[in-house]
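Since the structure is predicted, the reported quantities are computational estimates derived from the model, not experimental observations. Position 1 is the first residue of the sequence; numbering continues from there.
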Amino acid sequence: MTEYVINVNEVEDLQMTSGIVELEQIFTRAKSTVIQGGTVVLTRKYADGRSEVFDELTTEADLEEYRQTVFKYL
């Protein structure tokens with residue numbers, strides 16, 4: 001099964017800089033993964049180098065809900 005990893009630190013940076021094009025590209029790739037039966041994994045990377053998975057999205061509805069949250073204040 002395919003996985004697409006989204007680093008939420010990157011998403012947060014793009015939200016602050018209004019990187020709408022880059023965010024759309026991330027969500028397009030994520031949607032493609034979900035449509036093909038894969039999983040979108042949300043991770044957070046820390047300064048000490050460790051990475052922590054905190055959510056997995058497997059449906060288009062879940063991905064769209066996350067997308068709406070990300071774009072809510074842009």
What's the shortest heavy-atom distance between [X] and [Y], and which atoms?
X	Y	result
R29	Y4	NE-OH, 3.1 Å
E56	V41	CG-CG2, 4.3 Å
V40	A30	CG2-O, 3.6 Å
D62	T58	OD2-N, 4.4 Å
T33	T2	CG2-O, 4.1 Å

Establish whether V8 and V5 are linked, either directly or via other cluster members, by ILVMFWY side-chain heavy-atom contacts under 4.5 Å. no
Please answer: with hydrophobic residues joined when any side-chain heavy atoms are less than 4.5 Å apart, are V11 and F54 in the same cluster? yes
Less than 4.0 Å between a side-chain N and a carboxylate O, is that true for R67 and E24?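 Yes, charged N to carboxylate O under 4.0 Å.
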Atom [atom1] in [X], atom [atom2] in [Y]: separation rounded to 0.5 Å?
X	Y	atom1	atom2	answer
K31	E60	NZ	CD	5.5 Å
I26	E10	CD1	CD	4.5 Å
Q15	Y73	CD	OH	10.5 Å
L42	E52	CG	CD	12.0 Å
L63	I6	CG	CD1	6.5 Å
F71	L23	CZ	CG	4.5 Å

Is it the case that over 12 heavy atoms from other parts of the model lie below 6.0 angstrom from the CD atom of E65?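 Atom CD in E65 is not crowded, with 12 or fewer foreign heavy atoms closer than 6.0 Å.
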Y66 vs D55 side-chain heavy atoms within contact, under 4.5 Å: no
Residue pair R44, E12: steps toward the side-chain contact (heavy atoms from CB on, under 4.5 Å) verdict: CA-CA 10 Å; R44 179 169 298 283; E12 290 166 349; 2.8 Å; yes
For T28, is there any backbone N or O sitting under 3.5 Å from a side-chain donor or acceptor partner on S32? no
